[in-house]
*Asks:* 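Got a structure here, written out as structure tokens. Questions coming.
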Protein chains: 2
Amino acid sequence: MSWRKERGRAERGYHHGNLKEALLQAALGLIAEKGPGGFTFADAARMAGVSPAAPYRHFRDRDELLSSIAQRGFEQFEALLTQAWDDGRPDTVTAFERVGKAYLAFARNEPAYYSAMFESGLPVDLNPTLLAASERAFGIIRAAAERLAALAPPGVARPPAMMMALHIWSMSHGVASLFGRGDAARRKLPMSPEDLLEAQVLIYLRGLGFPTDRRPSGPKDPAAPPPVPPAGAPPGAPSGPWGTPK
Amino acid sequence: MSWRKERGRAERGYHHGNLKEALLQAALGLIAEKGPGGFTFADAARMAGVSPAAPYRHFRDRDELLSSIAQRGFEQFEALLTQAWDDGRPDTVTAFERVGKAYLAFARNEPAYYSAMFESGLPVDLNPTLLAASERAFGIIRAAAERLAALAPPGVARPPAMMMALHIWSMSHGVASLFGRGDAARRKLPMSPEDLLEAQVLIYLRGLGFPTDRRPSGPKDPAAPPPVPPAGAPPGAPSGPWGTPK
DNA sequence: CAGCTCATGTAAAAGCCTTTCACATGAGCT
DNA sequence: AGCTCATGTGAAAGGCTTTTACATGAGCTG
């Protein structure tokens, strides 16, 4: 019984009572501090106060535990994005940018989930449940892109909504992966990841013909957005979210 | 000696002759097929035909071998990007897009290097040599962005070159990470990663005021690029690299 | 060419992890 | 009270990592 930690008062008997959940939590903690590769099944068991063989009653193997975590991650991710999108309120562009920020916030606040989802090397495509969860999350981004596309200034060349969604996903994921976490593993940045992503998305949207002068917070998109100013001569001289152009 | 594979003719004696290199190659192969987490020090030794302890004469530990691979990866990456950039010939935008393609090509053709560099969880920031190599590679992108920035239509709000470089890096990395490899671990895409990235970069550049109608391959940027057409009404009606807008 | 020395390998062992299997417990039902 | 099945335990097999003492032989020295 050497593996059994001295547990406070709540002495539990032979049965743990909620081992599966305890293992998930333990794993989450371990992944957060040592990465998806660093976490060990045995460690999680130890942390939950059970023998190294106990986890096998709840997960086929180490990978299945990892998958479960990724699964949960995608679910929470979807919930977060849904909330951020808020069905496009108060206006599509604002909501859209909020989604980008939510993406980064998730990567930063839930590094364990994030790495299980995107950096654990799990074969997402081979796990139907996981794949479905992943696609539901992406679905939010896609829905947002759909709305954005419908709103895009007519007459301007633009990609299908699906492609826009993939673009946004790539940008968010790229920023999050490269600079998004406090890890020592990540690179230093002369600005916040949020600012980096926001500027990027704004430029991208402008490339699609959207007006991107800092909107004065008043709702203004519902029906027809104001005509697009020529890209070469924006109304307010040099300005934008990135300070003065050097 | 059970670990010693039946070696063809070239019977080698007690000393291997080039173990360090052999280990790097072996590891590269293993990483390519099983990911950076799947590779084991012992496997590499076995593959090189030496005892499990032999590698320790050349690498402090497993991580150092991984770092060496990442290091080499960054060097090859830098070389590839340099070549793709070709000092901005024949024109800045064309060369710029070539760099993006080279990024994807590297991720696809050298998945082992790529994952060692970006997905192995190595603390890049804590390894000066590695960090330097990484920054030299990024330096190419930054130099390209620098040139692009100098070329951007004046009068339009635009970010500092450094930020543009980070944007480009993020886009490339995002696309490469999410869709760039044939792995079962990656997602399916309704188009090629190259097309996805190219469209994305073009939209981004248009957002910066660059003309992005498919240039007819003739060099045309050296001094002053043609005036930017209004974003809302491009010269050639709806068109672009992404097919017909639905 | 004998002799030395040091880089490079080997063997063996400790310690940790994963996974399996037979067996123990006890929660819930009859 | 007695059964049964889910949930844990122990023990053991098989790998991997890393360390340590020892073996080899390549290359230099005289």
Side-chain angles (χ1 to χ4, degrees), chain A residues 1-7 10-27 29-31 33-69 116 120-122, chain B residues 1-7 10-31 33-69 116 120-123:
Chain A
M1 289 209 181
S2 61
W3 43 263
R4 180 169 290 177
K5 297 296 181 191
E6 66 301 324
R7 348 184 71 273
E11 202 57 48
R12 59 149 259 258
Y14 195 89
H15 288 75
H16 182 288
N18 198 10
L19 185 51
K20 186 163 188 169
E21 192 55 34
L23 288 171
L24 286 168
Q25 292 307 323
L30 290 169
I31 294 174
E33 61 176 280
K34 304 193 298 185
F39 128 85
T40 89
F41 221 35
D43 248 340
R46 206 170 301 135
M47 205 160 293
V50 296
S51 80
Y56 289 85
R57 293 294 175 202
H58 300 278
F59 302 95
R60 181 174 29 273
D61 56 21
R62 189 177 170 286
D63 269 11
E64 194 181 280
L65 201 173
L66 220 46
S67 294
S68 297
I69 289 187
S120 62
L122 282 178
Chain B
M1 289 209 181
S2 61
W3 44 264
R4 180 169 290 176
K5 297 297 181 192
E6 66 303 322
R7 346 185 70 273
E11 201 59 48
R12 60 148 258 257
Y14 196 90
H15 287 75
H16 181 289
N18 198 11
L19 185 52
K20 185 162 190 171
E21 192 56 34
L23 288 171
L24 286 168
Q25 292 306 323
L28 214 43
L30 290 168
I31 294 174
E33 62 176 279
K34 305 192 297 186
F39 128 85
T40 86
F41 221 35
D43 248 340
R46 205 170 301 135
M47 204 160 294
V50 296
S51 80
Y56 289 85
R57 294 294 175 200
H58 300 277
F59 302 96
R60 181 172 31 272
D61 56 21
R62 189 178 170 286
D63 269 10
E64 194 181 280
L65 201 173
L66 220 47
S67 294
S68 296
I69 290 187
S120 61
L122 283 177

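Naming: A, B, ... by sequence-line order, numbering from 1 per chain.
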*Asks:* Working to the nearest 0.5 angstrom, can you tell me the gap between A:R46 CZ and A:T40 OG1?
*Replies:* 6.0 Å
*Asks:* Considering just the side-chain nitrogens and oxygens of B:H15, establish if one lies under 4.0 Å of OP1 or OP2 belonging to D:dA23.
*Replies:* no
*Asks:* So how far is it from B:I69 CD1 to B:F39 CZ, rounded to the nearest 0.5 Å?
*Replies:*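 Reported to 0.5 Å precision, the distance equals 6.0 Å.
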*Asks:* Would you indicate what A:A42 reaches in the nucleic acid, counting non-hydrogen atoms under 4.0 angstrom: base, sugar-phosphate, or nothing?
*Replies:*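 Here A:A42 touches the backbone only, sparing every base.
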*Asks:* Find the distance between NE2 (A:H16) and CD (A:E21) and round it off to the nearest 0.5 Å.
*Replies:* 10.0 Å
*Asks:* For a quick test of reading the model, state the closest non-hydrogen atom pair linking A:P55 to A:V50 and the distance between them.
*Replies:*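 Shortest heavy-atom contact: CD-CG2, 4.5 Å.
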*Asks:* Closest nucleotide of DNA chain C for A:D63 versus for A:R57: which of these residues is on the 5' side?
*Replies:*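 By nearest-heavy-atom nucleotide position, the 5'-most residue is A:D63.
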*Asks:* Given atom OH of B:Y56 and atom P of D:dA21, what is their separation to the nearest angstrom?
*Replies:* 17 Å
*Asks:* What's B:D43 touching, base or sugar-phosphate or nothing? Going by heavy atoms closer than 4.0 Å.
*Replies:* nothing
*Asks:* Starting from P on D:dA6, measure out to NZ on A:K20 and report it in whole angstrom.
*Replies:*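 It works out to 14 Å between those atoms.
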*Asks:* Hey, could you give me each pair passing salt bridge (Lys or Arg N to Asp or Glu O under 4.0 Å) that has a residue in residues 47-60 of chain A? Not counting sequence neighbours.
*Replies:*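 As it turns out, the salt bridge (Lys or Arg N to Asp or Glu O under 4.0 Å) pairs with a partner in residues 47-60 of chain A, which skip direct neighbours, are A:R60-A:E64.
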*Asks:* Take atom NZ of B:K34 and atom P of D:dG15, then tell me their distance rounded to the nearest Å.
*Replies:* 13 Å
*Asks:* Over how many whole Å does the gap from A:F59 atom CZ to C:dT20 atom C1' extend?
*Replies:* 18 Å
*Asks:* Nearest-Å distance, CG (A:D61) to C1' (D:dG14)?
*Replies:* 17 Å
*Asks:* Can you tell me if the side-chain N/O atoms of A:H16 get under 4.0 Å from OP1 or OP2 in D:dA6?
*Replies:* no
*Asks:* Quick one: label A:F41 by what it contacts on the DNA or RNA (base, sugar-phosphate, nothing), any heavy atom closer than 4.0 Å.
*Replies:*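 Counting heavy atoms under 4.0 Å across all strands, the contact made by A:F41 is with sugar-phosphate only.
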*Asks:* Working to the nearest 0.5 Å, report the span between CG of B:L23 and CG of B:L65.
*Replies:* 6.5 Å
*Asks:* To the nearest Å, give me how far apart CD (A:E64) and P (C:dT20) are.
*Replies:* 12 Å
*Asks:* How many Å lie between CZ on A:R46 and C1' on C:dC17, as a whole number?
*Replies:*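 From A:R46 CZ to C:dC17 C1': 9 Å.
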*Asks:* Taking the side chain as every heavy atom from C-beta outward, state whether A:S68 and A:F59 have any atom pair closer than 4.5 Å.
*Replies:*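 Side-chain contact under 4.5 Å: yes.
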*Asks:* Which listed nucleotide (D:dT17, D:dG8, C:dT10) is nearest to the side chain of B:T40?
*Replies:*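 Minimum distance to the B:T40 side chain belongs to D:dT17.
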*Asks:* Round to the nearest Å and state the distance from A:R62 atom CZ to C:dT20 atom C1'.
*Replies:*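 It works out to 18 Å between those atoms.
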*Asks:* Where are the stems of DNA chain C, defined as at least 3 consecutive Watson-Crick or wobble G-U pairs with both distances under 3.5 Å?
*Replies:*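 Consecutive-pair runs (3 or more) involving DNA chain C: C:1-30 with D:1-30.
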*Asks:* Classify B:A53 by what it touches in the nucleic acid, base, sugar-phosphate, or nothing, heavy-atom distance under 4.0 Å.
*Replies:* base
*Asks:* According to a strict under-4.0 Å criterion, is A:R60 in side-chain N/O contact with OP1 or OP2 of C:dT19?
*Replies:* no
